[in-house]
Colleague: 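Supplied in C-alpha cells, the structure appears directly below.
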Amino acid sequence: MGITINSSESIMLRRGVTGLVRRLQTEHRACSATTITTTATTTKPAAGTVSSSPKLRVHQPECLKQPINVPSKLLMGPGPSNSPPRVHQAMLNPLLGHLHPEFIQIMDEVKEGLRYLFQTRSEVVCCVSGTGHAGMDTTMCNLLEPGDVILIAENGIWGERAADMATRHGAVVRTIKKPAGDVFSLGELEAALEQHKPAVLFLVQAESSTGALQPIEGVGLLCQKYNTLLAVDAVASLGGVPFFMDDWGVDVVYTGTQKVISAPPSMAPISFSHRAMARVNARQIPIHSFYSDMTWLANYWGCDGSPRKYQVEISGGLGPSAGQVWRVGLMGYNCTLDNVDRVLTIMKEALHQ
Ligand code: PMP
C-alpha cells in the first residue's frame with residue numbers, strides 16, 4: 001500500500017498526527033468493546049424536553065447471535081431461481097472499493113456481457129442497484145416528465161405496475177388493454193400510437209402473471225414513425241427467449257438478475273439507446289431520483305466518455321475538504337489496533353520522506 005502526500009498535506013499531517021494517534025486509539029477502544037456504549041452529548045436538549053443521558057433501550061437481538069441457517073430449496077416459481085455453484089463461488093471473492101481499477105475492469109466486463117445479452121452496441125449499458133422494480137422505476141423517472149404521455153400495453157399485473165409508477169412520475173397514462181394471457185398485434189399497437197401520440201410506449205415481453213410472450217419485433221419501427229420511445233420490460237424473459245435491442249429498435253430495456261440469469265437478486269441490468277439518452281439529456285426538469293439518474297449512472301459506469309466524477313472524492317477529500325484532508329476509513333471490521341498502527345506507520349513514513 002502506498003500513498004502520495006503533497007507538501008501542504010504534509011504540514012497539515014505534522015500538526016495533526018499526534019492528535020490523530022490519540023483519537024484513533026481512543027475510538028478504537030470505544031468501538032472494539034463487546035457492547036456498544038454511548039456517552040452524553042453536549043447538544044442542548046430541545047425546548048420542553050428533559051435532559052438525560054441516552055441509554056440503550058433497544059437491546060442486541062438474541063436471534064442475531066445464532067449462526068444463520070439457510071435451507072436449500074428448489075426455486076421453481078417465477079423468480080428468484082437457483083444460482084449455479086460458480087455464481088456462489090464468485091460471491092466469495094473479496095470486496096473491492098467501488099473505484100479500484102480491478103473493480104472498474106469487472107464493471108467493464110459486465111457491460112460487455114450485458115451488450116451481448118441485450119444484443120446492443122449502445123454505449124449506455126449498466127446495472128441499477130435493486131430488483132426488477134428498480135429497472136422499471138429508472139425507466140419511468142428518466143424518460144418521463146410531468147405531463148408526458150405514456151402508452152402502456154396492459155395484459156397483466158406488470159403493465160398495471162408500470163402504469164402506477166408512471167402516474168407517480170406525473171405522466172399522463174394511456175392504456176390499451178387485453179384480457180390476461182392475450183398479446184398485442186402490430187396493428188393494434190399502431191392504432192393506439194396514432195390515437196395517443198405518446199412520448200413512450202411500454203411493453204412487457206414476458207407477462208409473468210400469465211405467461212404471455214409479447215412479440216417485440218416490428219414495434220420499434222412503428223415507434224420511430226410516431227416519434228415515440230419504446231421501453232420494454234424483459235425481467236422474466238431476458239436470456240430465456242430471443243431479444244435484439246438494436247435490431248428491434250428498442251430504446252430502453254431492463255431485466256433482473258434473479259430470473260433467467262440465475263444470479264441473486266439485487267441488480268437490474270438496463271440499457272438506454274442513443275435516442276433515449278437524447279431525451280434524458282433534453283429534459284426540462286431534473287430527474288426526481290438522484291439514485292436512478294441515468295446521466296450519473298452512465299458516468300459511474302464509464303458509458304458517457306467523461307471521467308468518472310466519483311474519482312474526485314477518493315484521493316482529494318470531499319467537497320470543501322478536497323486537497324485539505326486525507327480521508328482514512330477504519331470502519332467496522334477494519335477498526336483494529338493493527339490497522340490503526342498501519343495507517344500511522346504509513347503517515348510517519350510519508351512525513352519523513
Ligand atoms: N416485471 C416482470 C415481468 C416480472 O415478472 C417481475 C417480477 N416477477 C418484475 C417486473 C419485478 O421484478 P422484481 O420482483 O425483481 O422487482
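Just so you know, ligand 1 is whichever comes first in the structure, and atom 1 is the first atom listed for that ligand.
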Colleague: For residues Ser306 and Asn299, is any side-chain donor paired with an opposing acceptor at under 3.5 Å?
Modeller: no
Colleague: Establish, from distance only, whether the side-chain atoms of His274 and Asp251 form a donor-acceptor pair under 3.5 Å.
Modeller: no
Colleague: Exactly which residues line ligand 1, taking a heavy atom under 4.0 Å from it as the test?
Modeller: Thr131, Gly132, His133, Trp158, Val204, Ala206, Ser208, Asp233, Val235, Ala236, Gln258, Lys259
Colleague: Taking atom CG as the centre, does Leu95 end up with more than 12 heavy-atom neighbours from other residues, nucleotides or ligands that are less than 6.0 angstrom away?
Modeller: no
Colleague: Salt bridge check: are Asp338 and Arg342 linked by an N-O gap of less than 4.0 Å?
Modeller: no
Colleague: Return yes if a side-chain donor-acceptor contact under 3.5 Å exists between Ser209 and Trp158, otherwise no.
Modeller: no
Colleague: Hey, are Lys177 and Asp182 close enough for a salt bridge, meaning a charged N less than 4.0 Å from a carboxylate O?
Modeller: no
